[in-house]
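Take a look at the structure below.
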2 protein chains.
Amino acid sequence: MDSRELGYFVAVAEELNFGRAATRLGIAQPPLSRAIKQLERRLGVALFTRTSRSVTLTVAGEVLLQEGKRALTALTAARRRAQRAGNPGLVLTMKPNIDGDLLEKILAQFANDPAAVEVEVLIGGIGEQAVLLREGEADAALLRLPHADVDGLAYEELLTEQDVAVLPRTHRLADRASITLSDLDDEQLPYWPGSRPNGGPLVRDSAQLLQLISLGRTVALLPASVRYHLRDDLTTVPVSDADTSTLVIAWPQDARSRSLAALVEAAVAVSSIRPARTS
Amino acid sequence: MDSRELGYFVAVAEELNFGRAATRLGIAQPPLSRAIKQLERRLGVALFTRTSRSVTLTVAGEVLLQEGKRALTALTAARRRAQRAGNPGLVLTMKPNIDGDLLEKILAQFANDPAAVEVEVLIGGIGEQAVLLREGEADAALLRLPHADVDGLAYEELLTEQDVAVLPRTHRLADRASITLSDLDDEQLPYWPGSRPNGGPLVRDSAQLLQLISLGRTVALLPASVRYHLRDDLTTVPVSDADTSTLVIAWPQDARSRSLAALVEAAVAVSSIRPARTS
DNA sequence: GGGTATTGATACTCTGCGGGTATGGATTCG
DNA sequence: CGAATCCATACCCGCAGAGTATCAATACCC
C-alpha cells in the first residue's frame, strides 16, 4: 500500500467529502475519487459507503483511519528523526508559562551531566507538544496531565499542583484568601480550540488569554505556577475545589538516546528538590 | 516521503549491497541506486557512505533503518487490520506445544463470555508470533518470556514454569529423578535459526526437534508443559538449575476491541485456576 | 603490475500511472 | 421544476520510475 494513497484516504475520511478533501490535498477531485476506488480494490474492502449526496466510513474505513494515521505519523517521524540524526542536540518542546519555573533549573542541572548536549527549546501551540514528539520534531516535551494525550509516550512526573484562578487585581474576588469553583459560576470562562464552546471567549494562546483577563472579559483556571511570570495587573487566588494537574517530562516510548536519558534524569532531580526545600 | 522509497532503503540498508537489494526487491540495480540517491537528496542527509566496493550506513541511515522499519510495519498493519475489520472473529497465534495445555481451556472459558466470537488459531513458526501481531495478521498471541520480543505489545502473564530436559526413554539420564545443567555438558544441544550455532543440530520447528531427540542426536530444554503432548518414546526429567519461562497472552498495545479484552480475561481466569486447583 | 571480477553510477529510452479538464448522473432543496 | 451539490466517468497528457547498455573505480589474484 502506498503512503500517498493512504494520505488521500485519511483526507477523505476526515472531511467525509471528496471535493473538500481534494482541495486540502491540492489536487482535483476526479483523481482523488479514482485513487480511493483503486485503494479499495487493492485492499479488497469497501472503505466508504457513498450515496450521491453523502459519504460515510465503513467499519473497515474506521479501522484504516485510526491505524493509517498512526502509520503516517510513524513515517514522518522516521523522516524527521533521520534528518535530525546528524545534529547531536536535543529539542525540548513546551507551551509557554507551564514549566512551573523549572525549565531553567532543568537545563542548568542537565549542563552538569557528562552526556549533556545543546538543548533547543521549541515553544509550540496548545496541544501540539505530543504531536511534535510523535512526528519526530522534538525529543522531549513538558506536558500537563491529564490534559495532554500521552499515547505512545513515556513520561516522568515532575510537579503536581492545583489550578488557581487568575484575575485582574481589580476583580471583586481578587482580595479573597481563597474561593471555590461556585464563586466563578457567573464568569465567562474561556475555551480552547478543540474543546466545546461554553459561552466564553475562544483563546488560542496564553498571551491572548492573559490579555483578555486584563480587560476583564474573562477569568481563567491555570496551574499555580503561572504566578511566577504574571503581569502586574493580574493576581491569583487559590480555588479550594479546583482540578489538579501534573507537569511531566515526556518522550517517545522507544527513544534510546543517552543524552535524552540524562535530560530526563536532570528534570526529575530538579523537580524533587522542590518538596525537599519546603520541608 | 514515499513508502516505496523507504522499502527500497530498508532493503539496501539490510543487505548493504545494491545489487543483492535490487534482486530482493525484484527490480534492476540502476533504478535502485537512483531511488536511494533521490531519497538522500529529498531528506537532505547522506544515508550511506559508499566506496566503489562497499556500502555502510551513516548515523542518519541507522536511525532511518530503525524508524523506517517500524513505520513500514505500521503501514502493513493498517492494511491488514482494515482488511480483517469486516470479520468479527479473532485470530490467536502461537507456536505448537507451548500452550501449557491451556489453549482448550481458554477457548472454552471464552465461549462463555457474552462478547465471545469465533477464534481462529494460527500456528506460526518460531519467533513469528510477535511479528504477526505487529503486522496486524493476528489479534492475540501466546508467547514465552523472556524469549519473545514484546516491544509495542501489552501482555498478561498466564503461567510460569521451569525448563525440563526432554530425553529418549533409553537415555542414560532418563530414569534420574532430577538432574542439573552440568549433567548435559556433553550433549549436543540444538539451536534455533537466529541464535548462534553451538555444535548441535539446527532445528526449525518442534516436530523436527522431537524427531532428533528420538534419534538420540540431541536433547532439549523445554518448558515443563511439553510433557502433556509427548511422544511415547520420549520422557522429561526436571533440571534443578534450568531457566524458567513465562507463558503470556500478548496483544497490540493500542488494541481496543471488546472481544479481545474478553479473550484475555478468559485466558487469565483459566490460568489462575491452576494454582487454585493444586492448593 | 596487469588482467579480471565486483560493485555502484551514468546515459538513454520507454511505458504506465497519476493528475488535469470536461462532463454526466443522482440527489437535495427552494 | 430548475438550481445546486457531489461523486463518477471519459479522455488526454506529462513525467516519474523502470529497463538496458555501459562506464568508472576498487579489490583481488597470479
Side-chain angles (χ1 to χ4, degrees), chain A residues 1-62 64-65 68 71-72 75-76 79, chain B residues 1-62 64-65 68 71-72 75 78-79:
Chain A
M1 187 175 50
D2 194 1
S3 59
R4 181 185 45 80
E5 274 180 326
L6 186 56
Y8 287 3
F9 165 76
V10 169
V12 177
E14 287 182 345
E15 299 285 346
L16 288 179
N17 178 312
F18 280 76
R20 277 198 302 276
T23 310
R24 168 171 145 187
L25 292 168
I27 65 172
Q29 170 258 319
L32 180 57
S33 287
R34 265 179 301 150
I36 298 292
K37 182 173 290 187
Q38 176 177 335
L39 178 60
E40 287 178 312
R41 201 171 47 241
R42 279 214 261 261
L43 293 185
V45 293
L47 299 170
F48 297 103
T49 53
R50 311 148 161 85
T51 73
S52 59
R53 286 297 289 181
S54 74
V55 175
T56 57
L57 281 168
T58 62
V59 179
E62 280 175 24
L64 188 63
L65 176 57
L72 288 178
L75 216 60
T76 65
R79 193 187 64 226
Chain B
M1 186 176 47
D2 194 1
S3 59
R4 182 184 46 79
E5 274 180 325
L6 186 56
Y8 287 3
F9 165 75
V10 169
V12 176
E14 287 183 344
E15 300 285 346
L16 289 179
N17 177 312
F18 280 76
R20 276 200 303 276
T23 310
R24 169 172 144 186
L25 292 167
I27 65 172
Q29 170 258 318
L32 179 58
S33 285
R34 265 179 299 149
I36 297 293
K37 181 174 292 189
Q38 177 178 334
L39 178 61
E40 287 179 313
R41 201 171 47 240
R42 280 215 262 262
L43 294 184
V45 292
L47 299 170
F48 297 103
T49 53
R50 310 147 161 86
T51 73
S52 59
R53 287 295 289 180
S54 75
V55 175
T56 56
L57 281 167
T58 62
V59 178
E62 279 175 25
L64 188 62
L65 175 57
L72 288 178
L75 217 61
R79 193 188 62 226

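Residue numbering restarts at 1 for every chain, and letters A, B, ... go by the order of the sequence lines.
Taking 4.5 Å as the limit, every side-chain heavy atom of L6(A) sits out of range of all side-chain heavy atoms of L75(A). Here the side chains of L65(A) and V10(A) are in contact, with some heavy-atom distance below 4.5 Å. A 4.5 Å side-chain heavy-atom check between D2(B) and L39(B) finds every atom pair outside the cut-off. Residues I36(A) and R50(A) are in side-chain contact: their nearest non-hydrogen atoms beyond the backbone lie under 4.5 Å apart. Counting heavy atoms from C-beta on, the side chains of T56(B) and F48(B) never come closer than 4.5 Å.
E5(B) places no side-chain N or O within donor-acceptor distance of the main-chain N or O of Q38(B), the cut-off being under 3.5 Å.
Within residues 26-40 of chain B, the residues having any heavy atom closer than 4.0 Å to DNA chain C are, in order of number, Q29(B), P30(B), S33(B), K37(B). Across residues 9-21 of chain B, N17(B), F18(B), G19(B) each have a non-hydrogen atom less than 4.0 Å from an atom of DNA chain C (numbered order).
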Protein-to-nucleotide contact annotation, 5' to 3' order, nucleotides 23-30 of chain D [B base; S sugar-phosphate only; - none; under 4.0 Å, heavy atom]:
--SBS---
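Under the 3.5 Å distance criterion, with hydrogens and angles disregarded, no donor-acceptor pair is assigned to the side chains of T49(A) and T58(A).
Taking the 5' to 3' direction, DNA chain C first and last meets chain A under 4.0 angstrom from a heavy atom at dG18(C) to dT28(C).
A distance of 10.0 Å separates OH of Y8(A) from OG of S3(A), quoted to the nearest 0.5 Å. Note: M1(B) CE to R42(B) CZ = 10.0 Å, rounded to the nearest 0.5 Å. Taking CG of L64(A) as the reference point, atom CZ of F9(A) lies at 4.0 Å (rounded to 0.5 Å).
Sorted pairs that involve residues 21-43 of chain B and meet ring pair (Phe, Tyr, Trp, His ring centres under 6.0 Å), not counting sequence neighbours, are lacking altogether.
Among the atoms of the strands shown, only primed sugar atoms or phosphate atoms (P, OP1, OP2) are found under 4.0 Å from some heavy atom of Y8(B).
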Pairs of donor and acceptor atoms involving the side chains of residues 17-31 of chain B, under 3.5 Å and at least two apart or interchain, shall be tabulated with distances.
{"unit_1": "N17(B)", "atom_1": "OD1", "unit_2": "G19(B)", "atom_2": "N", "d": "2.8"}
{"unit_1": "N17(B)", "atom_1": "OD1", "unit_2": "R20(B)", "atom_2": "N", "d": "3.0"}
{"unit_1": "R20(B)", "atom_1": "NE", "unit_2": "E15(B)", "atom_2": "OE1", "d": "3.3"}
{"unit_1": "R20(B)", "atom_1": "NH2", "unit_2": "E15(B)", "atom_2": "O", "d": "3.2"}
{"unit_1": "T23(B)", "atom_1": "OG1", "unit_2": "G19(B)", "atom_2": "O", "d": "3.0"}
{"unit_1": "R24(B)", "atom_1": "NH1", "unit_2": "E14(B)", "atom_2": "OE1", "d": "3.4"}
{"unit_1": "R24(B)", "atom_1": "NH1", "unit_2": "E15(B)", "atom_2": "OE2", "d": "3.1"}
{"unit_1": "R24(B)", "atom_1": "NH2", "unit_2": "E14(B)", "atom_2": "OE1", "d": "2.7"}
{"unit_1": "Q29(B)", "atom_1": "NE2", "unit_2": "S33(B)", "atom_2": "OG", "d": "3.1"}

